[in-house]
A.B. asks: 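Would you mind keeping the following structure in view while I ask a few things?
Everything numeric here is computed off the predicted structure, so don't read it as measured data. Labels below follow one simple rule: chain letters A, B, ... track the order of the sequence lines, proteins then strands, and each chain is numbered from 1. Because only heavy atoms are used, hydrogens play no part in the values below, and waters and symmetry mates are left out as well, while side chains stay in.
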Protein chains: 4
Amino acid sequence: MTSAPTTRKKRANGVESRQRILDAAVEIAGERGYDGTSIAAVSAKCGLPASSIYWHFKDKDDLIAAVIERSFEAWLTAVELPGEEAGTPLERVTAMAANVAKSLVDAPDFLRLGLMLALERRPTEPRGRTVFLQVRDITHRKIAEVAATLFPALDEAAVDTLTTYAIAGADGLFVHREVKGDTVDLVALFELHAQVVHDAAARLAKERQEA
Amino acid sequence: MTSAPTTRKKRANGVESRQRILDAAVEIAGERGYDGTSIAAVSAKCGLPASSIYWHFKDKDDLIAAVIERSFEAWLTAVELPGEEAGTPLERVTAMAANVAKSLVDAPDFLRLGLMLALERRPTEPRGRTVFLQVRDITHRKIAEVAATLFPALDEAAVDTLTTYAIAGADGLFVHREVKGDTVDLVALFELHAQVVHDAAARLAKERQEA
Amino acid sequence: MTSAPTTRKKRANGVESRQRILDAAVEIAGERGYDGTSIAAVSAKCGLPASSIYWHFKDKDDLIAAVIERSFEAWLTAVELPGEEAGTPLERVTAMAANVAKSLVDAPDFLRLGLMLALERRPTEPRGRTVFLQVRDITHRKIAEVAATLFPALDEAAVDTLTTYAIAGADGLFVHREVKGDTVDLVALFELHAQVVHDAAARLAKERQEA
Amino acid sequence: MTSAPTTRKKRANGVESRQRILDAAVEIAGERGYDGTSIAAVSAKCGLPASSIYWHFKDKDDLIAAVIERSFEAWLTAVELPGEEAGTPLERVTAMAANVAKSLVDAPDFLRLGLMLALERRPTEPRGRTVFLQVRDITHRKIAEVAATLFPALDEAAVDTLTTYAIAGADGLFVHREVKGDTVDLVALFELHAQVVHDAAARLAKERQEA
DNA sequence: TATGAATGAGACTTCATTCAT
DNA sequence: AATGAATGAAGTCTCATTCAT
């Protein structure tokens with residue numbers, strides 16, 4: 001009898017466990033925020049004991065930061081940026097906006113958690129907040145690049161303002177949908193937003209030109 | 001010994017105590033949200049023992065709801081709506097936006113807490129969230145009334161969309177300032193927002209006309 | 001306008017307030033026992049503030065003791081001892097048992113609370129417990145007197161044992177009814193108990209005689 | 001340094017800890033009842049921190065229920081039912097009664113706590129009460145079986161009444177001893193009870209026969 | 001790779017009681 | 001005769017985290 005490990009149904013699989021923990025954590029943190037996310041709740045949802053969570057993550061802060069990182073990456077791939085497609089600036093802006101709206105409807109946890117983290121002010125900032133603000137800045141820069149291409153008449157400051165305004169509108173419309181529920185047609189609102197931002201770009205260009 | 005007000009221990013003064021508790025709570029809750037606001041922290045900040053807080057408020061939920069109610073009223077009076085002032089629609093929209101921006105810079109606790117509550121999804125909704133959403137709806141209605149007056153060409157649905165968009169932009173820009181700090185010129189951004197919304201009104205009016 | 005005291009609807013009435021407090025307290029304490037009876041609960045049930053309860057009673061211990069006292073007296077008058085009625089010993093014992101059973105069905109709070117107090121062992125005995133045990137001893141003595149009359153063959157020790165046994169049976173049957181609910185016919189069980197005790201008296205008399 | 005069992009802090013030993021908690025809890029709850037049993041007191045008596053108690057038991061209700069369960073089992077084994085011993089019915093009933101009396105003198109916590117739970121009426125019934133009433137019913141059934149064997153002339157209803165009466169007497173006599181203290185000879189009282197119940201069985205049999 | 005058990009700190013809330021009015 | 005307000009102690013329970021295995 002060569003002692004074959006008979007109880008090997010669940011042979012230790014670190015990667016899978018880590019995913020299960022993150023899956024549970026993103027759901028809870030996306031709904032309840034930092035303080036509302038207890039290790040015990042994550043443990044209950046993923047089926048692993050709390051101590052196992054601490055094997056995979058240094059502490060709660062580390063877990064939340066990982067949640068933000070992973071869910072941002074998932075969101076990024078979901079947005080499927082339309083690359084250098086053809087079309088008028090308005091068409092391209094509208095297409096991008098629709099894509100973003102769809103991604104936010106499909107996976108709202110990332111932005112919901114991120115905004116909650118962003119709004120909080122605590123004595124020692126959670127790393128998850130820092131990470132969220134970083135990826136937010138990255139996003140800002142990417143959008144600014146596209147804006148600079150689409151509206152070459154704008155100087156750098158104008159592009160920055162326009163991008164800020166575009167992101168703010170997106171955030172606000174997202175909050176609106178979170179509050180009002182599924183009946184809100186986020187895609188339609190984002191398309192309106194795209195048009196409005198497009199018009200604003202033209203206005204800013206003219207103002208710069210005149211000055 | 002002429003009856004000097006000896007203030008033996010601490011003369012009972014319900015109204016003042018209630019205010020002190022709310023003052024402490026609005027500050028903490030505005031920074032930390034629902035879960036981050038511990039009764040012990042409020043107690044420490046207002047000087048009254050935790051058990052005294054429970055004389056004035058049924059429970060934490062009741063306290064947070066009262067915080068929302070009072071800070072909304074304070075915010076309302078701070079906005080000082082410009083009444084029936086004269087001027088073009090653009091001038092009037094811009095003036096209102098500037099007023100709102102200033103009020104949000106001066107007293108951001110109301111909206112910060114409100115947005116945090118709005119984003120959370122917990123099994124049993126805190127009463128504070130309900131209250132926030134209600135006063136938000138009231139605000140929406142008031143703005144819609146003004147919009148209907150300023151842009152008579154818009155039908156009801158267009159006014160509603162425009163109002164939603166205006167509020168969303170305000171929320172998003174507020175978040176931007178919360179994230180980026182005091183260097184952000186919220187008044188300038190709100191003035192841009194006013195112009196953009198004004199243009200959007202014209203666009204919506206034309207669309208309705210053509211259809 | 002002779003300043004008539006218009007707000008005199010509830011002119012201070014100490015006696016009535018005391019009754020209201022006791023009414024509330026007997027109900028709660030009869031259901032929940034000493035620890036389970038909070039001043040706040042009594043206050044809520046009787047409508048008077050907690051501080052008013054302390055005007056009428058020194059402390060919680062005093063209140064519970066008063067509850068025992070008053071409910072014992074109420075129980076005593078409810079039992080309506082059949083005095084020197086005629087009949088065989090068995091008939092008289094049976095009639096008494098039926099009376100007691102009815103009184104316990106109508107107002108079980110006294111005995112329920114009393115038994116809970118009796119069973120508890122706490123470092124400093126509540127005065128209510130002392131009072132209950134005292135009235136219990138009084139009751140024991142009264143029953144012993146009747147027993148000595150009805151069964152003259154019994155010596156003092158036998159009368160005491162018989163009385164103890166009679167009371168124990170009553171207690172136990174009361175517990176049974178409390179546990180099993182209204183469907184239990186307590187009067188029938190007490191009538192059986194009367195017969196059994198009656199037979200036991202004969203047995204004890206014979207034993208004494210033989211010894 | 002040969003690997004002496006250093007017992008670094010305190011080696012985790014779930015089973016033993018659980019026992020220690022239950023040992024402490026049965027003592028306190030047996031003396032003070034449900035409300036009188038504070039987790040802090042149990043913690044102090046067993047040496048484990050309060051939070052550790054919550055590792056082993058879901059909540060206080062769960063702990064008390066476990067106390068009832070374990071102490072009932074302990075009591076059951078202590079009673080050492082005399083099986084199919086020979087003897088007249090009276091002898092056998094008397095032997096059983098004496099055994100029960102001894103077990104109650106040795107370990108009164110189970111019944112004391114059980115009766116306190118049984119007497120309480122609270123809005124949401126503690127699980128411990130339910131458990132106690134269940135084991136009580138089981139006991140009732142076991143006794144009824146024996147009674148049916150010993151007194152074959154009795155029909156089912158008579159056996160049930162007799163069993164109810166036997167248990168009630170036991171409860172009442174137990175209460176008497178709890179109140180009056182160690183000087184009470186519980187075994188003697190239970191032997192009297194056995195005789196009396198035996199006589200009652202004969203009486204009931206005759207009644208049934210005549211009817 | 002994982003986990004059962006433990007733990008101190010702190011969460012919310014209720015407690016009995018007091019005191020000035 | 002009564003009460004609004006206050007208060008320290010204690011209640012149950014959850015928290016994030018650690019550690020030996």
A.B. asks: May I have the distance from Glu16(D) (atom CD) to dG4(E) (atom P), rounded to whole angstrom?
C.D. replies: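 Roughly 19 Å, once rounded to whole Å.
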A.B. asks: Only counting residues at least two apart or in another chain, list the ones meeting side chain to side chain donor-acceptor pair (under 3.5 Å) with Glu125(A).
C.D. replies: Arg129(A), Thr130(A)
A.B. asks: Considering residues at least two apart in sequence or located in another chain, which fulfil the side chain to side chain contact (heavy atoms under 4.5 Å, CB included) criterion with Arg122(D)?
C.D. replies: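 In terms of side chain to side chain contact (heavy atoms under 4.5 Å, CB included), with neighbours along the sequence ignored, Arg122(D) is linked to Arg32(C), Tyr34(D), Asp35(D), Glu120(D), Pro126(D).
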A.B. asks: Taking the side chain as every heavy atom from C-beta outward, state whether Arg127(C) and Asp62(C) have any pair of such atoms under 4.5 Å apart.
C.D. replies: yes
A.B. asks: To the nearest 0.5 Å, what is the distance between CD1 on Ile21(B) and CG on Leu63(B)?
C.D. replies: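 Answer for the CD1-CG pair, Ile21(B) versus Leu63(B), is 7.5 Å.
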A.B. asks: Rounding to an integer number of Å, can you tell me how far Phe57(D) CZ sits from dA6(E) P?
C.D. replies: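 The distance from CZ of Phe57(D) to P of dA6(E) comes to 11 Å, rounded to the nearest Å.
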A.B. asks: To the nearest 0.5 Å, tell me how far Thr37(A) OG1 sits from Glu31(A) CD.
C.D. replies: 9.0 Å
A.B. asks: Any side-chain heavy atom of Ser17(B) within less than 4.5 Å of one from Leu48(B)?
C.D. replies: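 Yes, close enough: below the 4.5 Å cut-off.
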A.B. asks: Got a sec, which pairs hit side-chain hydrogen bond (donor to acceptor under 3.5 Å, both in side chains) with one end in residues 39-52 of chain D, sequence neighbours left out?
C.D. replies: Glu27(D)-Lys45(D)
A.B. asks: Could you tell me the separation between the CG atom of Leu63(C) and the P atom of dT17(E), rounded to a whole number of Å?
C.D. replies: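 Distance, rounded to whole Å: 10 Å.
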A.B. asks: Just to confirm, is there a sub-4.0 Å distance from OP1 or OP2 of dA1(F) to any side-chain nitrogen or oxygen of Trp55(C)?
C.D. replies: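 The answer is no; no side-chain N or O of Trp55(C) sits under 4.0 Å from OP1 or OP2.
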A.B. asks: Specify the separation, in whole Å, of atom CD1 of Ile21(A) and atom P of dT1(E).
C.D. replies: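 Those two atoms, CD1 and P, are 12 Å apart.
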A.B. asks: Rounding to a whole Å, what distance do you find between Gln19(B):CD and dA5(F):P?
C.D. replies: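 Value for this atom pair: 13 Å.
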A.B. asks: Does the side chain of His56(D) get closer than 4.0 angstrom to OP1 or OP2 of dG4(E) through an N or O atom?
C.D. replies: no
A.B. asks: Under 6.0 Å between the ring centres of Phe132(A) and Phe72(A)?
C.D. replies: no
A.B. asks: Under 4.5 Å between any side-chain heavy atoms of Ser71(C) and Val26(C), yes or no?
C.D. replies: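 Result yes, sub-4.5 Å side-chain heavy-atom pair found.
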A.B. asks: Expressed as a whole number of angstroms, how long is the span from Ile53(C):CD1 to dG4(F):P?
C.D. replies: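 From Ile53(C) CD1 to dG4(F) P: 13 Å.
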A.B. asks: Summarise protein proximity over nucleotides 8-13 of chain E in one line of letters, 5' to 3': B for base, S for sugar-phosphate only, - for none, counting protein heavy atoms closer than 4.0 Å.
C.D. replies: B--SSB
A.B. asks: Rounded to the nearest 0.5 Å, how far does CD1 of Ile53(A) lie from CG of Asp59(A)?
C.D. replies: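 So the gap between those two atoms works out to 12.0 Å.
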A.B. asks: Round to a whole Å and report the spacing from CG of Leu48(D) to P of dT7(E).
C.D. replies: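 My rounded result for the distance is 6 Å.
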A.B. asks: Salt bridge or not between Arg20(B) and Asp23(B)? Use side-chain N to carboxylate O under 4.0 Å.
C.D. replies: no
A.B. asks: Dot-bracket, DNA chain E: Watson-Crick or G-U, under 3.5 angstrom, [ ] crossing, | other strand?
C.D. replies: .||||||||||||||||||||
A.B. asks: Within residues 114-129 of chain C, which residues have any heavy atom lying less than 4.0 Å from an atom of DNA chain E?
C.D. replies: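 Close to the strand, none.
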